[in-house]
Protein chains: 2
Amino acid sequence: MEIKTKADKQSGLTDKVLKHFYFNDELSCAEVSEHLNKSIPLVAKAISELVADGFVIEQGYAQSSGGRRPLKYSIKPNAMYIVAVAMDQLSVRIGLFDLLNTPAVEVKSFELKLLNNDAALKTLIDYINKYIAGSGIAKENIAGIGIGMPGFINIKEGINYTYLDAGGNLCDYIGEATGLPVFIDNDSSLIALAEQRFGAAKAQKEVMVINLGWGIGLGMIINGKLFRGHDGFAGELSHIPLSEDGALCNCGKQGCLEAEASMLAVAEKAIAGIKEGKISSLKHIIDNPNKLAGDAIMEAANNGDHFAIDLLAEAGYKIGKALAILTHIMNPQTIVLSGRGARVGKILLAPIQQAMNKYCIPRLVGNTELKVSDLGFDAELVGAAVLVMENYNIEKV
Amino acid sequence: MEIKTKADKQSGLTDKVLKHFYFNDELSCAEVSEHLNKSIPLVAKAISELVADGFVIEQGYAQSSGGRRPLKYSIKPNAMYIVAVAMDQLSVRIGLFDLLNTPAVEVKSFELKLLNNDAALKTLIDYINKYIAGSGIAKENIAGIGIGMPGFINIKEGINYTYLDAGGNLCDYIGEATGLPVFIDNDSSLIALAEQRFGAAKAQKEVMVINLGWGIGLGMIINGKLFRGHDGFAGELSHIPLSEDGALCNCGKQGCLEAEASMLAVAEKAIAGIKEGKISSLKHIIDNPNKLAGDAIMEAANNGDHFAIDLLAEAGYKIGKALAILTHIMNPQTIVLSGRGARVGKILLAPIQQAMNKYCIPRLVGNTELKVSDLGFDAELVGAAVLVMENYNIEKV
DNA sequence: CATACTTTTTAAATTTTTTTAAAAAGTTTT
DNA sequence: AAAACTTTTTAAAAAAATTTAAAAAGTATG
């Protein structure tokens, strides 16, 4: 793995070419040259180095389009592996993927409460270490660990202001404890990254991705890149003032979207409804914690339960109103419904679209496509893997 | 003016250096090299060419900071002139500026109704031609004409979908009629450009600029550049749904910000209030058209009229609520109140900030600075000039 | 079915850019 | 006040990237 041509060190072209192969599949030298706006000799050199070092493999000749047949290359799936960790407030999922985003080891999950839990960070690190050790894959072959987590995150400093206080740089801390490079980002941002690189909005430049989880997150892609705002707090869709006198939010304000339309809010409404005597297959959820209730509601809705569907439709309409505002401001090409709640995306789609039609100027709503993610619950894991590869630096190897 | 080194043609560095001098004042060769991330020999060559061609002048030696004194350069103010046109729905202002944004000829304005006026385009062109002819400045010394106008504008095609139909490319059409390069953009976008280049948010990367005119416009600077969205319709702040059952907007919907808080809406409320017997120095406005009423209200408020101040405070609070939403989504460094309404910016500031404090998460509102423009009414003209210079291409001369 | 035209790849020649070195002009320290 | 260190500018050398040309491997056509 010693690649240290002076040329590469400066231009970093080999790196860009490697990433280009990670994000696209079969590509000829000429195509890469075109995409990267670099001359063919330069790209040819970079590719031959990558082939020599086992990052890229030849895939044989493709059909000719009227001339010499192009030799196609693609990423070598097992050249490296990536550890991806996807967290929410209550649980953690962890996976080990190859460069084709195929799981090399079974994805596992475990419960981990972030709020008021001083041991959370240690528990997380232990779990990651055990998972890697049990995978049978050598650390030398792992490019790094990507972690998506809820909370206000400062990427540069590696600090999560909401959870997991490490008294300093979280990446450094976890990195030392695991012996691998670590990269963290907000869960919704990673979901957006996944959708724009491998999902419903692939290669698009202006994309808004809604993370339907226990809360409602927003990941923004602007000009093809993650947008974070001046202080990293952009995308706080869930606390915009939606109604003047709505439910009380845990942020202290009233009428926030999150307090009205998140899965947790829906679960509360469901329990209240059942207690009032609503007929539903959801009767049993009264005794469950809200989290399980959320999952139960989604399942019931997918099975046709009227009460569950009504509750989701009500939430969807409110989300739609918020998306109308978002569309007015951002004029995105696509809005993707992703995250845990994507499994009821089809049910939410109609009321969301209805609200957007009502609250949006026709010109705007007509130009924005509303889609349900097909990455769904895996989006955050894929995003975490992408995060590692975006930061991976072949020259440093 | 024949600058045609092959080097320049390809890299366009001379161009970048010229623009750098336009946007900054005195600068040494070393500083330009630093800012532009180009080697000193390259920058030195570009500067000496610009000096030779009369675009840049030497400004003598500056203080040494411990070594050889740097030779400072600056743009030559009268190397070129720019025609700047600022339109709203009812009137046009036109000016001729040097490269220091100083008027070379008095700024003039005239009435021009855009709505349902087929002759508007011809009238505009006539006026521009007469203005240039009367200025005494030769066309060879004019870099181009920048025009800011209301409406949905497609920059690439040069089409304004709302006003001034030329049956094709407006820039080409006006360009042929005037014999000068023409560039158009939305009025609010140009105001934002002006504020980010020469105004209250100079050199900042994430800036939201509110254009307080007869309507309420928004110009967005993201990552240091104008953001327009996927179809060029981003920044439609004025029609976001703000209240469920508010005033009817001319867009057909209810409760839009524009229908509740624009100068025109304030004027209507003022007239209604006077008729109901409110005490105010504004009694006379009942007979005036809404536009004059708007100006009268602003003047009365600045003179301390209680009724006028109350009306503006009411509007400001609603604008503040919209800015709270905007802040949640965009997390800008600065929000600038600009455009015609900036003259009552101080009066609006308090209620806007009050609403933002109420409706924003503390972390967000604490990080965003709310400012009143000092460019004020001239912002659109400055923005139009900037537009010309951004598109100016020295190699094409 | 050979000739003309495409497209991709390899190689050589330029061009462009940056790095390094040296000179010029000052400031600071002993 | 001379020696040592800074900073800017100019000049020469080296490196990097692109352009041009040529070769290789096809397809289309008269």
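Sequence lines set the chain letters: A, B, ... in the order given, protein chains first and strands last, and positions in each chain run from 1.
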Q: Would you mind reporting whether B/Leu96 and B/Ile82 have side-chain heavy atoms less than 4.5 Å apart?
A: no
Q) Would you say A/Arg68 reaches D/dA24's phosphate, i.e. side-chain N/O to OP1/OP2 under 4.0 Å? A) no
Q) Can you check the B/Glu58 CD to D/dT8 P distance for me, whole Å? A) 16 Å
Q) Measuring from B/Gln333:CD to B/Glu369:CD, what's the distance to the nearest 0.5 Å? A) 8.0 Å
Q: Using a cut-off of strictly less than 4.0 Å, decide whether A/Lys38 has a side-chain nitrogen or oxygen near OP1 or OP2 of D/dT18.
A: yes
(Q) Rounded to the nearest 0.5 Å, what separates atom CG in B/Leu27 from atom CD in B/Glu34? (A) 11.0 Å
(Q) Any side-chain N or O of A/Arg69 below 4.0 angstrom from OP1/OP2 of D/dG26? (A) yes
Q: Look at the side chain of B/Pro41 and decide which nucleotide, out of C/dA12, C/dT9, C/dT18, has an atom nearest to it.
A: C/dT18
Distances for protein N/O vs nucleotides 1-3 of chain C N/O pairs under 3.5 angstrom?
none

Q.
Whole angstroms only, please: what is the CG-P distance between B/Leu71 and C/dG26?
A. 12 Å
Q: From the options B/Ile174, B/Asn169, B/Leu170, select the one residue that forms a side chain to side chain contact (heavy atoms under 4.5 Å, CB included) with B/Asp172.
A: B/Asn169
Q) Could you state the CD-P distance from A/Gln63 to C/dT7, rounded to the nearest angstrom? A) 15 Å
(Q) So, taking the atom named NZ in B/Lys202 and the one named CZ in B/Arg197, what distance separates them when rounded to the nearest 0.5 Å? (A) 10.5 Å
Q | Difference in axis direction between the ends of the helix from C/dC1-D/dG30 to C/dT30-D/dA1, five pairs, 10° | A | 0°
Q. Could you give the CG-to-P distance, from B/Leu13 to C/dT18, as a whole number of Å?
A. 9 Å
Q | Donor-acceptor contact below 3.5 Å, side chain A/Glu206 vs main chain A/Asn223 | A | yes
Q.
Checking side-chain polar atoms at under 3.5 Å, does B/Ser74 have a donor or acceptor matched by the opposite partner on B/Glu26?
A. no
Q) Which distance, rounded to the nearest 0.5 Å, do you find between the CD1 of A/Ile47 and the CG of A/Leu71? A) 9.0 Å
Q. Could you state the CG-C1' distance from A/Leu42 to C/dT16, rounded to the nearest angstrom?
A. 13 Å
Q.
Output the rounded distance in Å from CG (A/Leu36) to C1' (D/dA17).
A. 14 Å
Q: Give the rounded distance in Å between these two atoms: CD1 of A/Ile40 and P of D/dT19.
A: 11 Å
Q.
Rounded to the nearest 0.5 Å, what separates atom CD in A/Glu390 from atom CG in A/Asp185?
A. 10.0 Å
Q. What's the NZ-P distance between B/Lys72 and C/dA25, to the nearest Å?
A. 19 Å
Q: Please list, by residue number, the residues of residues 23-30 of chain B whose heavy atoms come closer than 4.0 Å to an atom of DNA chain D; answer none if no residue qualifies.
A: B/Cys29, B/Ala30
Q. Should A/Lys72 and A/Glu31 count as side-chain neighbours, where that means a heavy-atom distance under 4.5 Å?
A. yes
Q) For the rings on B/Phe198 and B/Tyr22, is their centre-to-centre separation under 6.0 Å? A) yes
Q: Return yes if a side-chain donor-acceptor contact under 3.5 Å exists between B/Asp98 and B/Asn78, otherwise no.
A: no
